[in-house]
Amino acid sequence: MDVTSATTPLVRLSGVNKHFGDLHVLRDIDLEVDKGEVLVVIGPSGSGKSTLCRAINRLEPIDSGTIELDGEPLPQEGKALARLRSDVGMVFQSFNLFAHKTVLENVTLGPVKVRRTKKADAREEALTLLDRVGVKDQADKLPAQLSGGQQQRVAIARALAMHPKVILFDEPTSALDPEMVGEVLDVMVGLARDGMTMVVVTHEMGFARKAANRVVFMADGRLVEQATPEEFFTNPQSTRAKDFLSKIL
Ligand code: ADP
Ligand code: MG
């Protein structure tokens with residue numbers, strides 16, 4: 001590792017702004033995520049959390065400011081953009097698995113198509129990853145035959161199969177039945193402990209306490225507050241954060 005890569009944040013947003021028509025959804029966002037860091041993003045519905053995640057893997061273009069991955073500006077198009085999508089994994093609230101592909105195929109598809117991994121190698125790695133998230137025995141089933149918690153763990157294995165530099169989780173447990181939340185969070189805590197760089201939009205305080213290095217609180221498109229989980233949950237500074245926490249805790 002050279003000196004710059006040891007100090008360059010993995011993700012860096014500077015002065016990022018984004019509008020949807022008249023709606024100013026991201027306002028002057030400055031944010032850095034270091035390698036191996038787990039950042040939890042919390043905030044009321046509509047505050048811009050999903051847009052922030054989508055901007056980081058360029059599912060949403062931004063109006064001004066810069067976003068860099070590993071010191072390089074995000075590519076706009078073509079092969080470089082496809083490569084970016086494999087460097088930045090994404091796990092959504094709604095699993096987004098391919099319904100007509102088996103669990104195993106869901107995990108091997110990206111590596112084979114985008115990374116040009118040999119099928120046999122992709123399959124072997126997929127089985128290892130499915131084992132890691134505890135669903136190896138479901139490999140030949142279709143997503144609909146799995147529980148929500150199992151599907152979300154497959155989605156995590158699918159993201160990992162691309163060897164991403166960072167994984168963005170957008171409310172990964174909010175569509176799950178309560179009894180399945182824990183099994184997905186456990187997998188995420190494991191990834192965090194293994195040193196994966198993660199940006200996690202979640203209101204799961206238990207996860208934040210266990211795994212997050214830092215919590216950022218968003219409201220109305222701004223980063224209002226940043227702190228350690230301990231500081232944030234016990235002693236929020238802003239009125240907005242206090243208000244929000246009093247509603248969810
Ligand atoms: P959060 O994830 O914090 O709930 P979002 O980033 O999804 O917030 O949305 C921020 C704001 O932008 C909301 O007011 C939402 O309605 C609006 N918004 C999100 N996506 C679009 C879109 N594609 N077109 C227009 N408005 C959008
Ligand atoms: Mg959202």
Side-chain angles (χ1 to χ4, degrees), residues 11-33 38-67 69 74 76-77 81 84-85 88-97 148-149 151-152 155-156 159 164 166-178 180-181 184-185 188 198-208 211-212 214-227 229 232-233 236-249:
V11 182
R12 189 207 308 254
L13 290 84
S14 322
V16 169
N17 283 279
K18 166 80 185 169
H19 297 76
F20 287 115
D22 290 340
L23 192 65
H24 196 169
V25 282
L26 298 179
R27 298 172 186 249
D28 301 320
I29 303 280
D30 294 321
L31 180 66
E32 295 185 352
V33 187
V38 177
L39 177 75
V40 160
V41 180
I42 184 167
S45 174
S47 56
K49 306 178 300 294
S50 293
T51 307
L52 179 77
C53 288
R54 293 167 58 80
I56 295 174
N57 74 354
R58 228 185 165 284
L59 286 171
E60 272 320 331
I62 55 175
D63 300 332
S64 64
T66 55
I67 305 180
L69 183 68
L74 295 194
Q76 305 296 307
E77 56 190 13
L81 181 57
L84 170 79
R85 296 270 160 75
V88 181
M90 181 111 191
V91 174
F92 301 90
Q93 180 176 334
S94 52
F95 326 141
N96 288 26
L97 297 174
Q151 289 186 54
Q152 196 58 306
I156 294 171
V166 52
I167 306 185
L168 313 173
F169 294 83
D170 191 0
E171 304 207 31
T173 59
S174 41
L176 296 175
D177 292 335
M180 291 170 190
V181 169
V184 172
L185 293 178
M188 293 168 57
M198 300 162 63
V199 175
V200 185
V201 178
T202 185
H203 298 159
E204 293 288 342
M205 231 187 29
F207 173 81
R214 191 157 49 109
V215 173
V216 303
F217 175 71
M218 266 187 101
D220 300 327
R222 289 186 196 282
L223 295 190
V224 176
E225 200 165 327
Q226 305 199 27
F232 180 74
F233 291 115
Q237 299 298 304
S238 62
T239 317
R240 289 301 301 267
K242 284 178 194 165
D243 221 45
F244 177 72
L245 288 175
S246 73
K247 284 176 191 138
I248 65 159
L249 300 185

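Read the numbers this way: they start at 1 and go in the same order the structure lists the ligands and their atoms.
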Pairs of nitrogen or oxygen atoms closer than 3.5 Å, one from Glu60 and one from ligand 1: do any exist? no

Decide whether an N or O pair under 3.5 Å exists between Phe20 and ligand 1. no

Is it true that Gly46 lies under 4.0 Å from ligand 1, counting heavy atoms only? yes

Any non-hydrogen atom of Gly221 lying under 4.0 Å from ligand 1? no

Nearest atoms (heavy-atom pairs only) where [X] meets [Y]:
| X | Y | value |
| --- | --- | --- |
| Lys49 | Pro44 | NZ-O, 2.9 Å |
| Val38 | Ala211 | CB-O, 3.4 Å |
| Arg85 | Arg58 | NH2-O, 2.7 Å |

Does this structure show an ion pair linking Arg240 with Asp220, if we count only N-O contacts that are shorter than 4.0 Å? yes

Which of the numbered atoms in ligand 1 are under 4.0 angstrom from any heavy atom belonging to [X]?
| X | result |
| --- | --- |
| Ser47 | 1 (P), 3 (O), 8 (O) |
| Val25 | 10 (C), 11 (C), 12 (O) |
| Pro44 | 3 (O) |

Identified side chain to side chain contact (heavy atoms under 4.5 Å, CB included) counterpart of Leu13 within the set Asp30, Leu52, Leu26: Leu52

For [atom], what is the nearest protein heavy atom, given as residue, atom name and distance?
| atom | answer |
| --- | --- |
| atom 8 (O) of ligand 1 | Gly48 N, 3.2 Å |
| atom 9 (O) of ligand 1 | Thr51 OG1, 3.9 Å |
| atom 15 (C) of ligand 1 | Leu23 CD2, 4.4 Å |
| atom 7 (O) of ligand 1 | Ser50 CB, 3.6 Å |

Apply ring-ring contact (aromatic ring centres under 6.0 Å, His included) to Phe92 and list each qualifying residue two or more places apart in sequence or on a separate chain. none

At distances under 2.8 Å, what protein N, O or S atoms surround the Mg ion (ligand 2)? Ser50 OG

Parallel, tilted or perpendicular: ring planes of His24 versus His19, cut at 30 and 60 degrees: parallel

